[in-house]
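A short write-up of the structure that comes next.
In the text below, chain A, chain B and the rest are named by the order of the sequence lines, each starting its count at 1. Below, each value reflects all heavy atoms present in this structure, side chains not excepted, and no hydrogens, waters or symmetry copies.
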Number of protein chains: 2
Amino acid sequence: MSGNGTSKPSTLTQRRPRRVTASDVAKAAGVSRSAVSRAFTDGAYLDDAKRTLIKSTALQLGYQPNALAASLQGNRTNLVGIIAGDLGNHYDSEFVAQLVSGLNAANKWPLVLGGSEAVTEEAIRSVLHFPLDVLIVRGGSIQASLIDDCAKLNIPVIFSGHVVDAPNTDCVSCRNAMGTALATELLIAKGRRAFGYVGGPPSRTSQTERLTGVTSQLQKHGLELVAHRHADFTFEGGSLCAQELLAAYALDAIICANDAMALGVLSAARIIDKTAVPRDLSVIGFDDIAMACWPDFNLTTIRNPIEQTVSEILRLLEARLEDPDKAKEVSMIDPILIERGTH
Amino acid sequence: MSGNGTSKPSTLTQRRPRRVTASDVAKAAGVSRSAVSRAFTDGAYLDDAKRTLIKSTALQLGYQPNALAASLQGNRTNLVGIIAGDLGNHYDSEFVAQLVSGLNAANKWPLVLGGSEAVTEEAIRSVLHFPLDVLIVRGGSIQASLIDDCAKLNIPVIFSGHVVDAPNTDCVSCRNAMGTALATELLIAKGRRAFGYVGGPPSRTSQTERLTGVTSQLQKHGLELVAHRHADFTFEGGSLCAQELLAAYALDAIICANDAMALGVLSAARIIDKTAVPRDLSVIGFDDIAMACWPDFNLTTIRNPIEQTVSEILRLLEARLEDPDKAKEVSMIDPILIERGTH
DNA sequence: CTGAAAGCGCTTACAG
DNA sequence: CTGAAAGCGCTTACAG
């Protein structure tokens, strides 16, 4: 209606259509705009009848206080940035799903970056234009400059899956080395001796830790890792690695840095010999994604507890908001060995 | 440092620590705050040297314009609400992943609601406190009142996976009936006659459409659906349905409303008889999620094209922002039959 | 090219 | 309990 009526030619209109405002409600209800504001503030002094009147007028007009304008007063914005790893990755997507619903329940609104592939530095900069209450960074390699930027903007950062040492920066991470050590010990006890390892991209510290868990546990028993490969955390990547490894080495155990790759390894091993796993070969993953327990796979794995991780993040977030200057905290989560049918 | 120095007892401080401001930069650089604003506005008149000075001062101070304050001027916020279906659902999570990265690439920032399970009406109301440029609703059952609320707030809505008839509301949806009809036809041509169907929650219109595609195609050949069940779109749900159906009926074909359930059906059928599929039983899914092409499943399915759906959403979004009063549009996406090994 | 001023929609002391 | 006023951090005409 409006936009077309004016004679303005279709320049790309950057303007947003106007939204109902507290003044509109005040006018309609015959009260001051302060009263309208009070009507929407819990515990503000306001005559009951007046509050009722304002609320019903607002409802009728479809008024909702503009959270952006409100936050200008210095209140919290309830906006939380999430730099998600790769949402195409099954573990990350399960993780983000739980984090998002946890935040929603706590009346926080996640502004999600990422989705797939690398998040550009530019995208991160852009999202910092918003006065976030906190930024949650999932996984890997984030430029050090980001931490500086956030510090200058007074936006606290919480890292998940990666421990970072910076002021006002909390971390929650799985004890990665412990997880793979658990897996290694289980297989050694079962009599496995020729170990292969399929890791993720070597740049990630979590990957180094998981590899270390394997090698150091082997060492304790006087064993050495026979071979290892790196892939990209995908089923296909795991499958390719397994083809290479099984063709070149006589392995009786393969430990993987995540479940998706472990399922790929399992799949490739079965194509070579349907019943090889677990008879001649043990395969163990990491994460315990939903598919791991599907009967077709029944994958033995190391659970990287999502629920606990998310609730730690939410706890750290509240504490940080409560006291922005509190000492930084590192919360370590114990992984759990889940014995199923592939070892 | 600061917060602890003051004698204020630890009342729950709602205040957000202050962020560097345009005035700070202006003061530091010895220019007016208007100049700072211009330095960050492409194409604004400003002496080159002055712009350089301001930019470098800003960089040093870690200044970024506050997008919230800026949007108060009536500019776009670049905030896009997404009411995601169930992020635990593999298709939805792949979909949201692509949507998020598409939005990011277009300089839009998704505010995600949902994650898992039902999104509460209260949560939706809360997110409408933010002046969103647009709200994207994925999937199912959204209260009619939501559309009203958005209309009053001048927030256009885009529905995905569900066609809704409302002013200024665009939709993009898959031709659901066409998809399942394609699957049905393929199986009839192969000689299948005894069809079962595993659907999703019956409340969803997309589910009704998918069921209709099966029954009406059967009818064309003088056939009737032997039996159908409803589940919750999960592997486990599909698996349970298959156990029931296969115990009670002599079926030679099962069509499922999504891939996760189809994989569950496949799994259950194989537990009964390893080689039954595709010899005695055909199984076809819907969506074509990543797992469908894993060799362990090699699922024949109906692809619900994500990339195309996302790019249509982005197109409709741009068009709607360009002209808020343009006629509503419904974009229908053709599903694609993907023949693999389970039919 | 540039600064001072008005205004975006809210909240919050400040007086009544 | 209530309204008028100041101010949050920005942008954008308005004069120079």
Range-with-range stems for DNA chain C, at least three Watson-Crick or G-U pairs under 3.5 Å: C:1-3 with D:14-16, C:5-12 with D:5-12, C:14-16 with D:1-3

For atom CG of B:Leu53 and atom P of C:dT2, their distance in whole Å: 11 Å

Heavy-atom check, side chain of A:Val172 versus side chain of A:Val163, under 4.5 Å: no

Euclidean distance, atom CG of residue B:Asn66 to atom P of C:dC10 [Å, nearest integer]: 16 Å

From D:dT2, D:dT11, C:dG9, nucleotide with atom closest to A:Gln73 side chain: C:dG9

Minimum-distance nucleotide (side-chain atoms of B:Lys50 versus D:dT2, C:dC10, C:dG3): C:dG3

Salt bridge flag under 4.0 Å for residues B:Asp170 and B:Lys326: yes

Salt-bridge criterion met for B:Arg125 and B:Glu122 (N-O under 4.0 Å): no

Counterpart residues, side-chain contact (heavy atoms from CB on, under 4.5 Å), relative to A:Ser32 (two or more places apart): A:Ser34, A:Ala35

Residue-level proximity of residues 24-43 of chain A to DNA chain D when a heavy atom falls under 4.0 Å: A:Ser32, A:Ser34, A:Ala35, A:Arg38

Test item: B:Ile147 and B:Phe159 side chains (from C-beta on) under 4.5 Å apart, heavy atoms: yes

Nearest-angstrom distance, P atom, C:dT12 to C:dG16: 22 Å

Chi angles and distances behind the side chain to side chain contact (heavy atoms under 4.5 Å, CB included) call for A:Leu68, B:Phe130: CA-CA 6 Å; A:Leu68 264 43; B:Phe130 295 94; 3.3 Å; yes

Below 4.0 Å: OP1/OP2 of D:dC10 and any side-chain N or O of B:Thr21: yes

Donor + acceptor pair across side chains of B:His162, B:Ser173 (<3.5 Å): no

For B:Asn104 against A:Gly114, the heavy-atom pair lying closest together: OD1-N, 2.9 Å

Distance, rounded to the nearest Å, where B:Tyr45 contributes OH and C:dT2 contributes P: 12 Å

Pairing of B:Asp133 and B:Arg320 as salt bridge, 4.0 angstrom limit: no

Rounded distance in Å - CG (B:Leu68) to P (D:dG9): 12 Å

Integer angstrom distance from the P of C:dA5 to that of C:dC1: 23 Å

Rounded distance (Å) that lies between atom P of D:dT11 and atom CD1 of B:Ile54: 12 Å

For atom CG of B:Leu72 and atom P of D:dG9, their distance in whole Å: 12 Å

